[in-house]
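Worksheet for the structure shown next.
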Amino acid sequence: MKSMEKIVSLAKRRGFLFQSSEIYGGVQGFWDYGPLGVELKRNLKEAWWHDMIAGHNELKLQEGAPSQFEMVGLDCTIIMHPQVWKCSGHYDLFHDHMVDCRESKKRYRFDQVRGRWVEYQDKKIFVATLADIEQELEEVRRRGMKFFKLRNKDADKLAIGDESLTIDRLDSTQSVLAPDAKTLDTLTEPREFNLMFKTTLGALGGEDDATFLRPETAQGIFVNFKNVLDSSRVKVPFGIGQVGKSFRNEITPRNFTFRSREFEQMEIEFFCHPDHSSQWYRYWRDRRLAWYTKLGLASDSLIMREHHVEELAHYSIGTADIEYAFPFLPEGEYGELEGIAHRGDFDLRSHMEGKLDPNTPKGQRMEVELGENGKPKHRGSGKDLTYRDELTNEKFVPHVIEPSAGADRGVLAFLCEAFTEDEAPDDKGNLQTRTVMKLHPRLAPVKAAVFPLVKKDGMPEVAKEIYGELKQKFTTFYDEKGAVGRRYRRQDEAGTPFCITVDTDSLQDKTVTIRDRDTLEQWRVKIDDVADEISDRINQS
RNA sequence: GCGGGUGUAGUUCAAUGGUAGAACAUCAGCUUCCCAAGCUGAAUACGAGGGUUCGAUUCCCUUCACCCGCUCCA
């Protein structure tokens, strides 16, 4: 049975993850990677970078891909021009005013609670509800009747206003009957919840110099779209990948590192012709899922969840989440590792013309969202971000497929998946519980450990020699302390896939044993061949 | 942000209004020729701040963090 407590305790004990600033009591939502954790996370990011970007062969048609395509990388800053976040939509979206209900203890977005004025015998109250527009009138009537303790036959004595209003349009919330309340005036003053970390440019900066730490890496790619086009000779279809830190001031960080306030993303923005975008969407969705299974996430713990049509942004043909059955979630529930979103031309056009209106009805062309003065609410850059196909001479704004993965969530999922308790006999033949981190060899923080079987007879000297050689090629650990069985177990907990042991025979015939973490099998290999043997096994698996 | 629970060594747990104990892990030494063996020794803890008290790890308050439920979740 995998329990989160055991995984968290092992992560701390063995140096995978620590709470940030722990000696001062910790800070909610921030986590540090220890000596083993940093290697694991680096390996995951490098596997991603290699498999998606650096190792991509644009000359070869990839399995399942509609055509050949190119991939390049990018590394943008965390702080960008404030206008970036206004045009991206994050400023409006992450800048919520929230109200709390003192009675029901629920919290609502100030601009989302709506309702109508209701009057009965000179008493006027505002009945608020979260019901759908169609059911709103009925819901307001029902709750209004209940509030005034009216029977059905008196229904017509209740006067209901014609206009549906959101509560941010009211002068005060004094007369509001909150959606889950039975008494009036239970809502607090609206409070600002800024999900973006605010900071100030310049030492003397005032409010005008306020900007934000990026809440996602994607926007850096969009605003550099033209730079990449002009400098790298890439042609549509192509993708730009980036790995980097992002920041969100989550209200409730929870579940170990799953919802952290500082986290690392591995994102691709893939640009393609609008006519081919749904094919590319399917390609990336399937390819990204396969990537996780290949690195060892069990397919029965992993699901692809396609968003329902109602959940989709109006511009999107599809969005799918790759989700993992984390042990801290209830049975049957999954947590998001990666989202693959079809984003249409929303981002490039917003940075070009000004933020588009996300509430445009489906099927209509999106137009720039206007402010109260009739001018664009957030002005775009005015730069031309269209693409011209040199062969057909066609000009278009590419559509975007965005596979956006969380590196820390990936690490957490692989840690959870790897955590295994099995039974192995000790030297007396009694079964003992063995904790093994069955990490994929590519991800394992330490690839090999070298031991002299005993600390005498020249074995340590030979072992140290081998260690020095292996360490040049991959992360290797040397240990000569205590019984060899104990050393094996220590490496099992760290997830080290291979242990190399120097014994008496090694001194004669220049061979050593290699022991496999998962099968416990051992075989002999010439000392000169050890490095190649292990490299092969890391890469072929 | 609300309600409930929990904070003691690296980890998992004890005990106590008056010197805080164990197991495992760690370190040193001996032993040890393949899966947490044994022996000897060592180091290490009451989340933080305040109050009550002669004296607080223990009681009270505040705060921080973690867990569970609600809420939130681009």
Side-chain angles (χ1 to χ4, degrees), chain A residues 3-6 8-15 18-30 34 85 88-96 98-109 112 180 188 191 193 195-196 214-216 218-219 246 248-256 258-259 265 313 319 321 328 330 335-336 339 341 343 358 402 404 423-436 451-457 459 480-493 499-507 512-517 520-522:
Chain A
S3 76
M4 208 54 207
E5 291 83 60
K6 283 185 177 177
V8 172
S9 136
L10 180 135
K12 167 90 194 285
R13 184 158 43 83
R14 294 309 309 256
F18 307 125
Q19 198 173 10
S20 169
S21 319
E22 197 191 77
I23 60 167
Y24 287 108
V27 214
Q28 212 183 13
F30 294 91
W85 306 113
S88 70
H90 288 93
Y91 183 82
D92 293 341
L93 198 67
F94 279 9
H95 229 79
D96 297 335
M98 309 289 286
V99 288
D100 289 299
C101 175
R102 296 187 194 93
E103 184 188 315
S104 68
K105 306 295 179 200
K106 296 197 181 222
R107 172 176 296 153
Y108 313 98
R109 263 177 67 175
Q112 273 187 350
D180 300 284
T188 60
R191 283 174 291 186
F193 275 77
L195 265 3
M196 288 196 287
R214 65 181 176 197
E216 63 170 34
Q219 298 305 321
S246 292
R248 284 183 205 179
N249 221 340
E250 298 287 354
I251 297 168
T252 316
R254 201 63 76 87
N255 290 331
F256 206 22
F258 183 76
R259 181 165 295 135
Q265 293 183 297
T319 296
D321 289 342
F328 52 76
E336 181 183 341
R343 298 188 56 86
E402 176 187 84
S404 167
E423 301 207 309
D426 63 17
D427 70 334
K428 296 202 180 83
N430 299 321
L431 282 182
Q432 300 280 348
T433 303
R434 181 178 81 121
T435 303
V436 200
F451 309 144
L453 187 58
V454 289
K455 202 166 49 174
K456 60 182 186 190
D457 300 339
M459 292 181 207
E480 59 179 28
K481 297 184 195 84
V484 74
R486 180 191 297 249
R487 286 176 264 159
Y488 287 141
R489 295 297 175 90
R490 262 197 288 254
Q491 294 308 312
D492 290 339
E493 266 195 353
C499 291
I500 294 138
T501 305
V502 173
D503 57 20
T504 318
D505 293 348
S506 310
L507 307 173
V512 289
T513 62
I514 301 182
R515 172 246 198 203
D516 182 279
R517 175 195 68 200
L520 303 180
E521 277 169 25
Q522 283 184 288

Nearest-angstrom distance, C1' atom, B/A45 to B/U11: 12 Å
So A/Asp457, base contact, sugar-phosphate only, or nothing? Heavy-atom distance under 4.0 Å. base
Using the C1' atom as the point on both nucleotides, what is the distance between B/C67 and B/U58, in whole Å? 23 Å
Between A/Arg487 and A/Asp492 (salt bridge meaning N to carboxylate O under 4.0 Å), is one present in this structure? no
So, do A/Phe256 and A/Phe328 have ring centers that fall under 6.0 Å from each other? no
Nearest-Å distance, CD (A/Glu521) to P (B/C34)? 19 Å
Per the atom types in the model, does the base of B/A36 pair as donor or acceptor with the side chain of A/Arg486 at under 3.5 Å? no
Using whole Å, report how far CD of A/Glu5 lies from P of B/C66. 15 Å
How close or far is atom C1' of B/A36 from atom CG of A/Leu10, stated in whole angstroms? 15 Å
Going through the checks in order, is the side chain to side chain contact (heavy atoms under 4.5 Å, CB included) test met by A/Arg490 and A/Arg486? CA-CA 6 Å; A/Arg490 262 197 288 254; A/Arg486 180 191 297 249; 4.0 Å; yes
Both distances below 3.5 Å, Watson-Crick or wobble geometry, any strand: find the nucleotide opposite B/U62. B/A48
Check this one for me: any side-chain N or O of A/Gln28 less than 4.0 Å away from OP1 or OP2 of B/C66? yes
Between A/Gln28 and A/Glu250, is the side chain to side chain contact (heavy atoms under 4.5 Å, CB included) condition met? List the steps. CA-CA 10 Å; A/Gln28 212 183 13; A/Glu250 298 287 354; over 6 Å; no
Looking only at the side chain of A/Gln19 (C-beta and beyond, no hydrogens), which of the listed nucleotides B/C66, B/C68, B/U11 gets closest? B/C66
Whole-Å gap separating P (B/A48) and OH (A/Tyr24): 13 Å
For A/Ser88, which contact category applies under a 4.0 Å heavy-atom criterion: base, sugar-phosphate, or nothing? nothing
Any donor-acceptor pair under 3.5 Å between the side chain of A/Tyr488 and the base of B/C34? yes
Pairwise P distance for B/G10 and B/C46, with rounding to whole Å: 9 Å
Atom-to-atom span, CZ of A/Arg487 to C1' of B/A37 - whole angstrom: 13 Å
Can you tell me, in whole Å, how much space there is between the C1' of B/G47 and that of B/G41? 32 Å
In Watson-Crick or G-U wobble terms, both distances under 3.5 Å, what is the partner of B/C2? B/G69
Could you work out the separation of B/A15 and B/C54 based on their P atoms and round it to a whole Å? 28 Å
Between A/Gly29 and A/Leu453, who's closer to the 5' end of RNA chain B by nearest nucleotide? A/Leu453
With a 4.0 Å cut-off on heavy atoms, is A/Met4 in touch with a base, just the backbone sugar-phosphate, or nothing at all? nothing
Compare the minimum distances between each of B/U32, B/G1, B/C35 and the side chain of A/Gln522, then state the nucleotide with the smallest one. B/C35
Tell me: CD of A/Glu22 to C1' of B/C64, nearest whole Å? 13 Å
Selection from B/U32, B/A25, B/C68 that lies nearest to any side-chain heavy atom of A/Lys455: B/U32
Can you work out whether A/Gly25 or A/Pro330 has the more 5'-proximal nearest nucleotide on RNA chain B? A/Gly25
Between A/Met459 and A/Phe451, is a side chain to side chain contact (heavy atoms under 4.5 Å, CB included) present by the stated rule, with each step listed? CA-CA 9 Å; A/Met459 292 181 207; A/Phe451 309 144; over 6 Å; no
In whole angstrom, what separates A/Phe30's CZ from B/C64's P? 15 Å
Taking the side chain of A/Lys12 as heavy atoms from C-beta outward, which of B/C27, B/C66, B/U11 is closest to it? B/U11
I want to verify a distance call: between B/G1, B/U32, B/C27, whose nearest atom is closest to the A/Arg254 side chain? B/G1
From the list B/A25, B/C68, B/U12, which nucleotide is the closest neighbour of the side chain of A/Arg490? B/A25
A/Lys456 near the nucleic acid: base, sugar-phosphate alone, or nothing, with a heavy-atom cut-off under 4.0 Å? sugar-phosphate
Quick one: do the A/Ser246 and A/Gln265 side chains pair a donor with an acceptor below 3.5 Å? yes
Does the pair A/Glu22/A/Lys12 count as a salt bridge with the N-to-O cut at 4.0 Å? yes
Does some side-chain heavy atom of A/Trp85 sit less than 4.5 Å from a side-chain heavy atom of A/Pro215? yes
Same-atom distance (P) from B/U57 to B/A65, integer angstrom: 23 Å
Quick one: is A/Arg489 getting a side-chain N or O under 4.0 Å of the B/A36 phosphate, OP1 or OP2? yes
Answer with base, sugar-phosphate or nothing: what part of the nucleic acid does A/Phe258 contact at a heavy-atom distance below 4.0 Å? nothing
Could you check which nucleotide pairs with B/C24 in any of the strands shown, counting Watson-Crick or G-U wobble with both distances under 3.5 Å? B/G10
Rounded C1' spacing from B/A9 to B/G5 in Å: 24 Å
Is a donor-acceptor contact shorter than 3.5 angstrom present between the side chain of A/Arg515 and the base of B/C35? yes
Rounded to whole angstroms, how far apart are CZ on A/Arg517 and P on B/C34? 24 Å
Across the strands shown, which category fits A/Ser9 at heavy-atom distances under 4.0 angstrom: base, sugar-phosphate, nothing? sugar-phosphate
Side chain of A/Ala483, heavy atoms from C-beta onward: which of B/C34, B/A37, B/C68 has the nearest atom to it? B/A37
Pair assignment for B/A36, Watson-Crick or G-U wobble, requiring both distances under 3.5 Å: none
When the P atoms of B/C59 and B/U44 are considered, how many whole Å apart are they? 27 Å
